[in-house]
Novice: 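Below you will find the structure I want to go over with you.
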Amino acid sequence: MRDLPVLLVAVVWGSSFLAVQRVAEPGTVVAMLVLRFGLVLPVLGLAAWRPLRRLRRAEWLGGAGLGLVLGAIFLLETFGAVHTSATNAGLIISLTIVFTPLAESALARAPLPRSFLAAAGLALVGIALLTGDGGLRAPAPGDLLVLGAAVVRTVSVLATARTRAIRESDTLAVTWVQLATATLVFAVVAPFAGPSPWTVAAAFGPAQWGWLLHLALLCTLFAFFVQMWAVRTTSPSRVSLLLGTEPLWAAVFGITLAGNHLGPLALVGGALVLVGTEWGRRTAAVPRPQAAQAERERMAA
């Protein structure tokens, strides 16, 4: 029973790409992000009030700097999701699992196992087949944006692990600072990127409000608190393994609910991505504690 809440987090994360497509259009992405995190911040702030009051200036600045990176991730990922299929978005973003050990290996000048390099190659071949729909066509703009989000996610994980000011900080408080900073960026950009958040909110119908609440309450708040509970009651490797099923659920929702159609070779590509990322997860060197903690904090958002 302990695994069920963590598995549910993977399921709701897998549904988030479909939810974004249901609630946002290219011209309302930034406004939607303001609304999504504007709903989250008050609740998370109440839970984090006491540790927030104890944060030092350096911790506020460190969290704010990481919040700028987090904002870039959400902008790339959300704009990408509305310009590609939910299936593609969910599978491509999973490449963070492969990119992070590769980047850490390059920085540390420590070679990775050959089996991991084979897994990474398999995943990249899968992405080529998936985004080309089994042909030789160039990836869609949305595919490239989500791929950029996966790269910036990797930067975020590495930066979080190496930001000394927040290594011993309260996770809840630092996460609130990151989300607040990202939301502030969205709010500043929103007037220049389409209708205001208030205009978009007024135009939402019941279905769109339902999807927005799904993103805010389940994909963000529920996911964060389940992870905080899970890392205290079960092993980090088990949590990581369960959360690693996210791209599988993204494909399930994309094909069954969004009606995404994949050709035979694209289906093979999707399968290669799933196999390659899971193989890579199992064969990569065990990450340093700081990097593992950083990845949990990033995924909570």
Novice: So, for S156 and I73, which heavy atoms are closest and what is the spacing to 0.1 Å?
Specialist: CB-CD1, 3.7 Å
Novice: Tell me which pairs pass salt bridge (Lys or Arg N to Asp or Glu O under 4.0 Å) where either residue lies in residues 45-58, with sequence neighbours left out.
Specialist: R56-E59
Novice: Working to the nearest 0.5 angstrom, can you tell me the gap between I255 CD1 and S85 OG?
Specialist: 9.0 Å
Novice: Quick one: does T28's side chain have a donor or acceptor within less than 3.5 Å of a partner on A24's backbone?
Specialist: no
Novice: Begin with the C-alpha distance, continue with both residues' side-chain angles, and end with the deciding distance and a verdict on side chain to side chain contact (heavy atoms under 4.5 Å, CB included) for T181 and L70.
Specialist: CA-CA 9 Å; T181 303; L70 187 66; over 6 Å; no
Novice: Evaluate W60 against L52 for side chain to side chain contact (heavy atoms under 4.5 Å, CB included), listing each step before the verdict.
Specialist: CA-CA 9 Å; W60 278 94; L52 277 170; 4.0 Å; yes
Novice: Looking only at atom types and distance, does a side-chain atom of T277 sit under 3.5 Å from a main-chain N or O of L274, one as donor and one as acceptor?
Specialist: yes
Novice: Measure the shortest side-chain to side-chain distance between T154 and L102 over non-hydrogen atoms and say whether it is less than 4.5 angstrom.
Specialist: no
Novice: Test: salt bridge (Lys or Arg N to Asp or Glu O under 4.0 Å). Region: residues 7-25. Which pairs qualify, not counting sequence neighbours?
Specialist: none
Novice: With a 4.5 Å cut-off on side-chain heavy atoms, are W279 and V98 touching?
Specialist: no
Novice: Does F74 form a side chain to side chain contact (heavy atoms under 4.5 Å, CB included) with R36? I'd like the steps, not just the answer.
Specialist: CA-CA 11 Å; F74 275 109; R36 173 181 175 179; 3.9 Å; yes
Novice: How far apart are the closest heavy atoms of A64 and V177, and which atoms are they?
Specialist: N-CG1, 3.6 Å
Novice: Would you give me the side-chain donor-acceptor pairs under 3.5 Å for residues 188-208, sequence neighbours excluded?
Specialist:
{"residue": "S196", "atom": "OG", "partner": "T199", "partner atom": "N", "Å": "3.1"}
{"residue": "S196", "atom": "OG", "partner": "T199", "partner atom": "OG1", "Å": "2.9"}
{"residue": "Q208", "atom": "OE1", "partner": "G205", "partner atom": "N", "Å": "3.0"}

Novice: I'd like to check the side chain to side chain contact (heavy atoms under 4.5 Å, CB included) partners of L107; sequence neighbours left out, ordered by chain and number.
Specialist: L158, R162
Novice: On a heavy-atom basis, which atom in V152 and which in A72 lie closest, and how many Å separate them?
Specialist: CG1-CB, 4.4 Å
Novice: So, applying side chain to side chain contact (heavy atoms under 4.5 Å, CB included) with W176, which one of T171, L41, D170 is it?
Specialist: L41
Novice: Please identify each residue that fulfils ring pair (Phe, Tyr, Trp, His ring centres under 6.0 Å) with W249, with sequence neighbours left out.
Specialist: none
Novice: Which distance, rounded to the nearest 0.5 Å, do you find between the OG1 of T160 and the CD of Q178?
Specialist: 5.5 Å
Novice: Could I get the full list of side chain to side chain contact (heavy atoms under 4.5 Å, CB included) partners for V43, not counting sequence neighbours?
Specialist: L221
Novice: Check for me, please, whether L68 and F37 land in the same ILVMFWY cluster - side-chain distances under 4.5 Å, paths through other members count.
Specialist: yes
Novice: Roughly how far, to the nearest 0.5 Å, is the CG atom of L129 from the CG atom of L267?
Specialist: 10.5 Å
Novice: Residues two or more places apart in sequence or in another chain: which of them pass ring pair (Phe, Tyr, Trp, His ring centres under 6.0 Å) with H83?
Specialist: none
Novice: Report yes or no: do L257 and V82 belong to one cluster of Ile/Leu/Val/Met/Phe/Trp/Tyr joined by side chain heavy-atom distances under 4.5 Å?
Specialist: yes
Novice: When you group the ILVMFWY residues by side-chain heavy-atom contacts below 4.5 Å and let the links chain together, are L8 and L218 in the same group?
Specialist: yes
Novice: How would you list all residue pairs meeting side-chain hydrogen bond (donor to acceptor under 3.5 Å, both in side chains) that involve residues 70-81, not counting sequence neighbours?
Specialist: E77-R153
Novice: Would you check if F79 and V30 make a side-chain contact, meaning some heavy-atom pair closer than 4.5 Å?
Specialist: yes
Novice: Under 3.5 Å, which donor-acceptor pairs link side chains of residues 113-124 to any protein atom two or more places apart or in another chain?
Specialist:
none

Novice: Answer yes or no: is there a side-chain heavy-atom contact under 4.5 Å between L39 and L217?
Specialist: no
Novice: Atom CD1 in I166, atom CG in L66: separation rounded to 0.5 Å?
Specialist: 4.5 Å
Novice: Within a strict 4.5 Å, meaning less than it, do heavy atoms of the F253 and F17 side chains meet?
Specialist: no
Novice: For a 4.5 angstrom cut-off between non-hydrogen side-chain atoms, does H214 reach S15?
Specialist: yes
Novice: Can you list, pair by pair, the side-chain donor-acceptor contacts under 3.5 Å of residues 138-151, counting residues two or more places apart and other chains?
Specialist:
{"residue": "D143", "atom": "OD1", "partner": "T84", "partner atom": "OG1", "Å": "2.6"}
{"residue": "D143", "atom": "OD1", "partner": "N88", "partner atom": "ND2", "Å": "3.2"}
{"residue": "D143", "atom": "OD2", "partner": "A140", "partner atom": "N", "Å": "3.1"}

Novice: Please tell me if the side chains of P101 and L112 come closer than 4.5 Å, counting only heavy atoms from C-beta onward.
Specialist: yes
Novice: For S16, check side chain to side chain contact (heavy atoms under 4.5 Å, CB included) against everything at least two apart and list the hits.
Specialist: L215, C219
Novice: Of all heavy-atom pairs between Q21 and A86, which one has the smallest distance, and what is that distance?
Specialist: NE2-N, 3.3 Å
Novice: If you define the side chain from C-beta out and look only at heavy atoms, does anything of F225 sit under 4.5 Å from T220?
Specialist: no
Novice: Under a single-linkage definition using a 4.5 Å side-chain heavy-atom cutoff for Ile, Leu, Val, Met, Phe, Trp and Tyr, are L61 and L184 assigned to the same hydrophobic cluster?
Specialist: no
Novice: State, to 0.1 Å, how close A173 and L55 come at their nearest heavy-atom pair, and which atoms those are.
Specialist: CB-CD1, 3.9 Å
Novice: Which pair of heavy atoms, one from V174 and one from S169, lies closest together, and at what distance?
Specialist: CG2-CB, 3.4 Å
Novice: Would you say W13 ends up clustered with F222 if hydrophobic residues are merged whenever their side chains have heavy atoms under 4.5 Å apart, either directly or through other cluster members?
Specialist: yes
Novice: Provide the full list of salt bridge (Lys or Arg N to Asp or Glu O under 4.0 Å) pairs with a residue in residues 189-213, sequence neighbours left out, each pair given once.
Specialist: none
